[in-house]
Amino acid sequence: MASSNKGIQVPTPRFRPGDRPNFDHLDVPQAGGLPKPAVDADSQNLKEFAFGLVRVLNHNHCAIGDWDPHLSSGMLLDGLKSMVLTRAYDNRMMKMQRTKRLSFYMKCLGEEAVAIAGAAALRDDDMLFPSYRQQGALIHRGADLVDMMCHCISNSRDNLLGRQLPVHYARKDLNWFSISGNLGTQFPQAVGWGVASRAKGNDAIACSWIGDGTSATGDFHAACTMASTYNAPVILNIVNNQWAISTHESIAAGSAESFAAKAIGYGIPGIRVDGNDFLAVYAVTKWAAERARAGLGPTLIETFTYRGEAHSTSDDPSKYRAQDEWKLWPLGDPVERLKSHLIVNGDWSEAEHDDYEAQCTDEVTKAWKESVSYGTLEDGPHSPVETIFEDVFTEQPWHLRRQRQALGY
Amino acid sequence: MASSNKGIQVPTPRFRPGDRPNFDHLDVPQAGGLPKPAVDADSQNLKEFAFGLVRVLNHNHCAIGDWDPHLSSGMLLDGLKSMVLTRAYDNRMMKMQRTKRLSFYMKCLGEEAVAIAGAAALRDDDMLFPSYRQQGALIHRGADLVDMMCHCISNSRDNLLGRQLPVHYARKDLNWFSISGNLGTQFPQAVGWGVASRAKGNDAIACSWIGDGTSATGDFHAACTMASTYNAPVILNIVNNQWAISTHESIAAGSAESFAAKAIGYGIPGIRVDGNDFLAVYAVTKWAAERARAGLGPTLIETFTYRGEAHSTSDDPSKYRAQDEWKLWPLGDPVERLKSHLIVNGDWSEAEHDDYEAQCTDEVTKAWKESVSYGTLEDGPHSPVETIFEDVFTEQPWHLRRQRQALGY
Amino acid sequence: MASMTMIQALNNALDLKLTDDPSVVAFGEDVGYFGGVFGVTKGLQEKHGSGRVYDSPINEGAIIAMAMGMAVNGMRPVAEIQFADYIFPGFDQILSELSRIRYRSAGQYTAPVTIRTPCGGGIYGGQTHSMSPEAFFTHIPGLIVMMPSNPYDAKGMLISAMENDDPVIFFEPKRLYNGPFTGDPHVPASSWTKHPKGEVPEGHYTVPIGKADILREGSDVTMVGYGTMVHVALAAAEEAGVDAEIIDLRTIIPYDVDAVTNSVKKTGRCIVLHEAPRTSGFGAELTAQIQEDCFYSLEAPVMRITGWDTPYPHAHEWSYFPGKSRVMQALKTMMETV
Amino acid sequence: MASMTMIQALNNALDLKLTDDPSVVAFGEDVGYFGGVFGVTKGLQEKHGSGRVYDSPINEGAIIAMAMGMAVNGMRPVAEIQFADYIFPGFDQILSELSRIRYRSAGQYTAPVTIRTPCGGGIYGGQTHSMSPEAFFTHIPGLIVMMPSNPYDAKGMLISAMENDDPVIFFEPKRLYNGPFTGDPHVPASSWTKHPKGEVPEGHYTVPIGKADILREGSDVTMVGYGTMVHVALAAAEEAGVDAEIIDLRTIIPYDVDAVTNSVKKTGRCIVLHEAPRTSGFGAELTAQIQEDCFYSLEAPVMRITGWDTPYPHAHEWSYFPGKSRVMQALKTMMETV
Ligand SMILES: Cc1ncc(C[n+]2csc(CCOP(=O)(O)OP(=O)(O)O)c2C)c(N)n1
Ligand SMILES: Cc1ncc(C[n+]2csc(CCOP(=O)(O)OP(=O)(O)O)c2C)c(N)n1
Ligand SMILES: [Mg+2]
Ligand SMILES: [Mg+2]
């Protein structure tokens, strides 16, 4: 890296508002270019995967190469449908936040494949430790939209009793951990969960996701270190969507060649995968899951993708990044790519897709109507007020009892 | 890694008390085997250095290969003398701790070259952020033994006013940072120091050392991440002396191939060096220093060595490791190796060495006598009692004034 | 003089010091190009360059350690922690390092670092964007802890913090960023334009560390607080028609013990207020000290009005926040105690 | 019954639970083969296997996060933090995660984790091996905080902690590990053998969470403390000839408010004691609550005997430690106050 001799050097993104993005500098390898290693391959021999990019869908929307998971059309359609439904859900919730029906929202536009293909490649009893941008996996696991919405609007049916910010779902019934507002904390917890699974003689594994920005946290290092030491059955995903709020991924990456490369320092496989390629994400996750389940330890996956929308409803990306970045993103839109693949395969059509999109919009509208019938954040009803003193401890100690009474309950 | 499917897996050292150590499994490459890259080489092309072992002194005690720093006999002798003096100092202090003249002590037996060759390769205005096992560097920078001892026995001349545990030296006049009892905290601080140096237009760099065990801390990741992001002029050393108190290095390493390999994930050069080879440590440090000084960023160095003695005066290593490990350690004793090299070169002799050792013992004895004349921990005199309330803030606020008065001062 | 929000006042303080003093740098998550998620550093990178005002990776421990390393090398960094709730990954660097470096090196090394961080609830931020964690920092010897309640103080206090040689934890009550707030979410938000403390001199001035502000003199009861709660106290006393003496501590450590003691000795009654949980909150320290120093003047026990000992709940934010009605009720009880 | 040191009693509690309950694991730095730097886990790896008792990398945040993840998956991990001074790299995982998981998931997920850690001074450990950081944890809703003062309690309390469904921070006053200590370093160290609380049943028993122990009944003054300080209080009261009622809280959160209130109402005077720094120490909370609940019974202000607001100095350890003479002086002042 060339450099001057004075002053603090800070990486800058190539494009800022007003610039015309051009991603020619991104080396996007051909689909099918990388071999698929055996599940029990030694991590020492897998280093190239940390610098490459596993891709299955080629420009003609065909699945090629070793990594093609050869999924049935049914499974592919399920994945596509989850992605389309997730997008419809996100759009609706965003709109509702804009009319102040919920306090906050976060979309996953452009990253739907990351979570949904990931979840699809796992067993239902595998435990997910998500960040706030994997709602697709929750939907794919069959969460009822009404339940999800009730949480987001903190109404009387919110299973979290209005305690959590919207989108911080917790669903034990779906093996979905409680999302934390503190970045990265779930990564080493997932390792602990996985270690306990083996301790108990189970073969369920844990899977967690953090963002590119979050890879800088101490908890990232904690997770990778512990996963390597205890050979934990866990899949650790870094979702590199290029941005952390307004901060470009280069601030977390520094001069690193990839986020997956960090795996090498822990002696675990690190695989970089096209995050907008449903089949590739599925295949890599499946490989890592089989490996973990067989007692062969953790895998670090970098899903290379792009955050299509604002970080959350609290920021306006046009203030810090060039307007068309997502449109010009060379890895495309995961929904369009899987859709085209299904159409090329003869398993789907534009018309069916349009119909399905309309159906999702309806479903989401219906769910919304039902949800607000159980209350909204603004007008209630919410959970009973005295619940704010519950679940702090198993039993309410005297000081909380006094405080509850002081509030009149 | 082969593995069973149930139960928590924990790495274990090969040898425990009662075992006969055998280090045949260690792949010790020949001296001179690795090329020396250009100072401005791209870190992407330096990965092999993270898995190799830079060695200069061969079995015949000759310096060979690209990394030979071609040091003058004077410099080599200075290094040897610092090592011998450090060892004498350590021995004396250990003995004095055993007779309760100081509360605590930590030796660096077997690791003298790490700190001393490191310091020798740096400029005096380069700032050192040491851990507690680099006393050799302090001695090499010319610290007066009496001053060091006065600190260790917390007497009236302790420059730290008796506030710190022994061996936690702080010497601004020697560009030696204040040693912390909290492992690893100095690593990211060193990065900040380095960044500030550049901000001010200076070319002084920072150099820090942590242990193999400490590489697991969050601060390690903080340091490497920040160093990479801001291209900081800093040398980050992991002193892999095989043990962290009773914990074998495999607990921090997990299945990693080396500690230097962690550098790859940050896109910075990672170099593994024979830590018992003075010339190799010097050469690698010098290379990293030139690189950093030229504005080319940080380097992570793993110095591969062995902790010859107890962790500190608080533990007994015969309780957790095989007795002869250090004697059988294939990389030998750094003092013997440099001594033999100088003898082979004709610049030193056994007799001169013996004389010098005796001289060091005398010097240390003399220093000890003088030190205790200024007080000891047990009997004082110490710093004035009221100093415990000073330096908490620049000015003493009312609550500390009241407390001081309550104590009668 | 100009009318400024608290955000503008803080921005102005930073701008001034960045201009004045080449050793000042400001950094943190999203602090650079974007200007911070609340806009406190807006425009500063453009004006002072990316070598002075810049983004950092998401690692609060690293941010604080970096700042400390820079400070040890003669700089005066101002680090932003995006939300006070996220300061804890940096807690060890603050407690074990920043707060002790002067002490443990016997004055050889010092760390004039200012850590700015928005705190407090009132924006439906849920349990991870609402904390008021000041009490933790008051239990760490060697840290100055401050919290302004208005734009004028914010600027003067931040400049004092940046010019001070000790590390400062500088809490910014985010609910006050854009206007005063009396604790009733149903009253339309007011703005700093109409508030006298929204008038801020454009040049350099300081508000001294350790000096409280008596916002209102009174004889019935002393109310001691800082940040958002002083506005709540003012409004509650007003509405309850109680002649309260209201003290804005501004500096929490070392706080203005004389202002507090003199007032309580005069009024004989005291309510301490904070938004943080009650148990071991800074109100406990104030109460303990007041009962010690003013025991023979007290006509009633010192009363604490605080947040509850629970995480800050999202939907029931206004049942958690110690708002006007709770303070009025406390005033009533307090004045009825004989 | 057997005579045990506190180390042996803790070891025995762990051994018992490891035997009883397959979901229990114990881990931490040097906890496995070596048995911990103070020997609390000695022999347990050999007996229960390296899959139950094992070493961890040096990352306290990782240790706590691991424990939490395991607990969420049905286990009951006991994590050791080698010194309480080193718990802060794990502070975020404790505060943001462990303490809140039950709350934020509305009871779906719970984390029955016990974090054991030696605390306190008295062994010339300097500022990084002497801290008593309990107050920080008392300000975090959702944590149980305990500190035993003798072998009998240590075992019964540790078993209670391990069987409880809430996370517990379990402080072990290291100065008491091998014998009671009355705060005078010049008196020869005594051993647990001669102490009634050194008699420890070999089987399972519990000391209930939240229940204080009245070590001595008395009518002149109430002394409230925990850990090492209760021994100092006992010795000081004895030597001063004051008829003190001495309460060992044992559980700090939630503490036994009835025991404290009843006693202070009876005696009319109170001294609270801890080794931690004074400002915002747990003594502040106790004092604030006592003056609220017992205001009309108090004949003198509640007095705090604590460590100073400085790091724990190495050489002047005994000027820092709130030892017998300071407590006796306080008793004198207290009894003279009318
Ligand atoms: C410990 C912590 N620090 C800061 C924040 C504030 N914050 C929330 S999201 C975010 C950016 C995260 O970026 P990334 O990890 O890339 O995830 P993405 O949003 O892109 O999915 C930040 C800084 C936080 N939630 N937690
Ligand atoms: C944060 C923290 N955790 C734990 C400790 C206790 N401790 C002191 S030294 C040590 C082992 C360090 O081993 P390593 O990093 O390999 O350094 P070495 O002693 O071998 O030089 C431990 C666990 C500490 N000082 N700080
Ligand atoms: Mg991102
Ligand atoms: Mg080591």
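For the numbers below, each heavy atom of this structure counts, side chains included, while hydrogens, waters and symmetry mates do not. Every chain is numbered from 1 and lettered A, B, ... according to where its sequence line falls, protein lines coming before strand lines. Worth saying up front: this structure is predicted, and the values here are computed from it rather than measured.
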**Study point:** Working for side-chain contact (heavy atoms from CB on, under 4.5 Å), residues K262(B) and K262(A)
**Key:** CA-CA 7 Å; K262(B) 297 202 192 291; K262(A) 298 203 191 291; over 6 Å; no
Point to revise | Nearest atoms (heavy-atom pairs only) where P11(B) meets T229(A) | key: CD-O, 3.2 Å
Revision key, fill the gap. One option among A199(B), S250(B), G270(B), A50(B) has the most heavy-atom pairs under 4.5 Å with chain A, and it is A199(B)
Review point. Is a donor on one side and an acceptor on the other found under 3.5 Å between the side chain of H221(A) and the backbone of D219(B)?
Key: no
Review point. Mind checking what makes side-chain contact (heavy atoms from CB on, under 4.5 Å) contact with R14(B), not counting sequence neighbours?
Key: H25(B)
Review point. How long is the span from the CD1 atom in I264(A) to the OG atom in S258(B), to the nearest 0.5 Å?
Key: 10.5 Å
Check your understanding: With only heavy atoms counted, which part of F259(B) is less than 4.5 Å from chain A, the side chain, the backbone, both or neither?
Key -> neither
Review point. So, for S228(A) and A253(B), which heavy atoms are closest and what is the spacing to 0.1 Å?
Key: OG-O, 3.7 Å
**Study point:** Under 3.5 Å: donor-acceptor pair, side chain of T225(B), backbone of A216(A)
**Key:** no
Review point. Does CD in Q30(A) sit with more than 12 non-hydrogen atoms of other residues, nucleotides or ligands closer than 6.0 Å?
Key: no
Review point. Got a second to check how far E257(B)'s CD is from D42(A)'s CG, nearest 0.5 Å?
Key: 7.5 Å
**Study point:** Contact origin within S215(B) toward chain A - heavy atom pairs under 4.5 Å
**Key:** backbone
**Study point:** Options A227(A), G267(A), G297(A), G218(A), ranked by heavy-atom pairs under 4.5 Å with chain B, top entry
**Key:** G267(A)
Review point. Could you state the interatomic distance from OG (S197(A)) to CD1 (I8(B)), rounded to the nearest 0.5 Å?
Key: 11.0 Å
Point to revise | Audit row: K47(A), K47(B), side-chain contact (heavy atoms from CB on, under 4.5 Å) steps and yes/no | key: CA-CA 11 Å; K47(A) 291 180 189 124; K47(B) 291 180 187 123; over 6 Å; no
Review point. Side chain, backbone, both or neither: which part of A252(B) has a heavy atom under 4.5 Å from chain A?
Key: backbone
